[in-house]
Amino acid sequence: MSTHPRQRALLAAVTATLALFATAACSSSGTSGGGGGAQAGKKITLITGVKSDPFYITMTCAAQAEAKAKGFSFSADGSAQWDVSVQRPLIDSVGAAHPDGLMISPVDTDALTPSLKQIQSSGTKVALVDTSVTDSSVGITRISSDNEKGGQVAADALAKQMSEKGSVVVISVKPGISTTDARIKGFTEEMAKYPNIKVLPTLYDNDLPATAASQIQSTLAAHPDLGGVFAGNTNTGQGVATGLAQAGKQGAVKVAAFDAEPDEITALKNGTLQVLVAQDPAAIGTEAVDQLAAAFAGKPVTASIGTTMIPITKDNLNDPQVAKYVYKASC
Ligand code: T6T
C-alpha cells in the first residue's frame with residue numbers, strides 16, 4: 001500500500017464510497033436449486049453489447065457457470081461492434097427461437113425497444129444486464145453498476161490527481177447508451193465542484209481506441225494545459241493510453257478510466273492511467289441467471305439490482321481483494 005498519505009486517503013475515501021453502492025445479493029440461494037431442479041432444461045440466451053469485450057466475456061463466463069449449476073441450457077452471442085443495426089437482427093433471430101430467458105445489454109436506450117417488447121410478449125423473460133432501455137415496461141429485472149455514482153467517484157479521484165486545477169476532457173463511446181451517459185452525467189456534475197478545473201466539451205470515439213488516441217492528440221494541441229482525461233469505458237481507456245504515450249505525456253496528463261480489462265491494467269502499471277473504476281460483470285451475469293430462475297419458478301424477482309464497483313490504482317492492484325475484479329479475456 002502506498003506510503004503517500006494523500007494517495008492512501010484518496011484510495012480509502014473512494015473505496016468506502018463505492019462500497020456503499022453495492023446492493024448485489026450474488027447468491028444462488030432461494031431459486032430453483034442446482035442442476036436437475038424443477039426448472040432444469042430451461043433455455044437462457046445472453047446477447048452482449050460487444051462480443052470481444054472483456055467486460056462482457058467476464059459476464060458471460062459467470063452466467064454460463066451459474067446456468068450450468070442450475071441445469072439450464074445456456075448460449076451467448078454479441079455484436080461485433082457497438083451498433084444498433086448489428087444487434088437488432090441478432091435480437092430478432094434469438095427472439096424467434098423463443099428462449100425461456102433472454103439476458104441482454106441493449107446498445108441503445110430506445111432503438112431496440114420494439115424488438116424487445118415483441119420478444120417479451122411472446123413469453124420470454126427478459127433481464128437487462130449492464131445497459132438498459134428508457135421504456136420501463138421492458139425487462140423483469142435490470143442489473144448494473146450505479147454508473148452515475150461511478151462517474152462522480154472518477155471525478156473526485158481525477159481532481160485530486162490534477163491538484164484540482166487545469167483542463168479536463170471526457171471521451172466516451174457514443175450518446176444514447178444508458179451506462180456511459182450516466183457516467184458522464186455523474187462526472188461532469190461532480191467536476192463542477194472544482195472551480196479551477198475547466199471541463200472541455202465531451203468527445204465520442206464510437207468505441208474505437210484509434211479514434212480516442214487521435215482525439216487525445218488534437219485535444220493536447222488545442223489545450224496545452226490539459227491536465228486530465230475521463231475515459232468512459234475499456235476501448236476508450238486503451239485509446240487514451242495510446243494517445244498519451246504517442247504524445248510522450250504519460251503521467252503528465254492524469255487519467256481516470258472506467259473498467260479493468262488487461263490493456264488498461266498494463267497502462268495502470270506503467271503509469272499512463274492513474275485510476276480505474278472496475279465494475280463486477282461476473283456478479284451481473286450470475287445475478288441475472290438467478291433472477292430468471294426465480295421467474296421460471298414463479299418466485300419474487302428483484303426489479304433493480306446495483307452491483308459492486310471498486311477503484312483500482314497501481315498501489316492496490318496486488319491486493320487479492322482488488323485483483324479479483326480484473327476482467328477476463330477468456331473463460
Ligand atoms: O463499460 C462497459 C459497460 O458497462 C458499458 O455499458 C459498455 O462498455 C463496457 O462494456 C466496456 O467496454
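Quick caveat, the model's predicted, so the values are computed rather than measured. In this chain, residues are counted from 1 in sequence order. Order of appearance sets the numbers: ligands from 1, and atoms from 1 within every ligand.
- Annotation for ligand 1: atoms under 4.0 Å from non-hydrogen atoms of Thr179 are 5 (C), 6 (O).
- Of the listed options Asn233, Val277, Val50, Ile284, Asn233 places a heavy atom closest to atom 8 (O) of ligand 1.
- Formation of a donor-acceptor pair under 3.5 Å by the Ser105 side chain with backbone atoms of Thr131 is not found in this model.
- For Ser163 (side chain) and Lys165 (main-chain N/O), no donor-acceptor pair under 3.5 Å exists by modelled atom type.
- Among all protein heavy atoms, the one lying closest to atom 1 (O) of ligand 1 is Asp259 OD2, 2.6 Å.
- Ring pair Tyr327/Phe55 is perpendicular by interplanar angle, where above 60° counts as perpendicular and below 30° as parallel.
- Contacts of Tyr56 with ligand 1, taken as heavy-atom pairs under 4.0 Å, involve the side chain alone.
- Side-chain atoms of Thr134 and Asp110 form a donor-acceptor pair, as typed in the model, at a separation below 3.5 Å.
- Looking at Ile265 and Leu276, their side chains come closer than 4.5 Å, going by heavy atoms from C-beta outward.
- On a distance-only criterion, Trp82 and ligand 1 share no N/O pair closer than 3.5 Å.
- Taking a cutoff of 4.0 Å between a charged side-chain nitrogen and a carboxylate oxygen, Lys125 and Asp100 do not qualify as a salt bridge.
- Not a single heavy atom of Met59 lies less than 4.0 angstrom from ligand 1.
- Near Thr131, with a cut-off below 4.0 Å to any heavy atom, the atoms of ligand 1 are 6 (O).
- Where the criterion is an N or O separation shorter than 3.5 Å, residue side chain and backbone included, Asp53 meets it with respect to ligand 1.
- By the criterion of a heavy-atom distance under 4.0 Å, both the backbone and the side chain of Thr234 are placed next to ligand 1.
- Counted by atom type alone, Thr234 and Glu261 present zero donor-acceptor pairs between their side chains at under 3.5 Å.
- Taking distance alone, with nitrogen or oxygen atoms compared against 3.5 Å, Thr180 stays at or beyond that limit from ligand 1.
- Here Ile143 contributes atom CD1 and Met103 contributes atom CE; the two are 7.0 Å apart, rounded to the nearest 0.5 Å.
- At a heavy-atom distance under 4.0 Å, only side-chain atoms of Gln279, from C-beta outward, approach ligand 1.
- In this structure, of Asp130, Asn147, Asp181, the residue bringing a heavy atom nearest to atom 6 (O) of ligand 1 is Asp130.
- Neither the backbone nor the side chain of Gln238 has any atom closer than 4.0 Å to an atom of ligand 1 (non-hydrogen atoms only).
- Side-chain contact check for Thr236 and Asn233: at least one donor-acceptor pair (N or O, by modelled atom type) lies under 3.5 Å.
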